[in-house]
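Notes for the one structure printed next.
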Amino acid sequence: RVFDVYRLDLKTGEATLEVKNPGNVVGWSTDNDFKVRIAQVPTATGGTTLLIRDAAGGEFKKLLEWSADDADGGVVGFAKDNKSILLSTSQGRDLQALVRRDLESGK
């Protein structure tokens, strides 16, 4: 189980809740500004749903879903401009590949 995400102020030691796990999130990813923008949620069939939000505090929405056969992929990171992400996936192919997905268009 992955717990809630807290932001820690290294000078004061104060921890502030950044994102509360609703109970089904198994992984979080941050953008290049260290804002939590991606949540990974397992599906009932053994796959993974990738949820994303536009900004910290925003609502998460479905970006894509991997089947159980393709669930070995994952988020590698955000592009420098935070407008696309790099994914490791075998979705739609026989081999694992590094792909870039535009967050605005979803392509």
What closest approach, in Å, do [X] and [Y] show between heavy atoms, and which atom pair accounts for it?
{"X": "V36", "Y": "E18", "result": "CG2-CG, 3.9 Å"}
{"X": "S88", "Y": "V76", "result": "N-CG2, 3.8 Å"}
{"X": "P22", "Y": "N24", "result": "CG-OD1, 3.3 Å"}
{"X": "A79", "Y": "N32", "result": "O-ND2, 2.6 Å"}

Quick check against the 3.5 Å criterion: does [X] have a side-chain atom that pairs as donor or acceptor with the backbone of [Y]?
{"X": "D31", "Y": "D33", "value": "yes"}
{"X": "W28", "Y": "F3", "value": "yes"}
{"X": "R37", "Y": "R53", "value": "yes"}

Practice item. Please test F60 against V25 for side-chain contact (heavy atoms from CB on, under 4.5 Å), starting from the C-alpha separation and ending with a verdict. Key: CA-CA 12 Å; F60 283 98; V25 176; over 6 Å; no
Starting at [atom1] of [X], measure out to [atom2] of [Y] and round the result to the nearest 0.5 Å.
{"X": "L95", "Y": "T89", "atom1": "CG", "atom2": "OG1", "result": "11.5 Å"}
{"X": "R7", "Y": "K35", "atom1": "CZ", "atom2": "NZ", "result": "5.0 Å"}
{"X": "L50", "Y": "K61", "atom1": "CG", "atom2": "NZ", "result": "12.0 Å"}
{"X": "F78", "Y": "T30", "atom1": "CZ", "atom2": "OG1", "result": "7.5 Å"}
{"X": "L63", "Y": "R101", "atom1": "CG", "atom2": "CZ", "result": "5.5 Å"}
{"X": "D9", "Y": "T16", "atom1": "CG", "atom2": "OG1", "result": "7.5 Å"}

Practice item. Evaluate side-chain contact (heavy atoms from CB on, under 4.5 Å) for E65 paired with T49, printing each intermediate quantity in order. Key: CA-CA 4 Å; E65 187 169 296; T49 299; 3.0 Å; yes
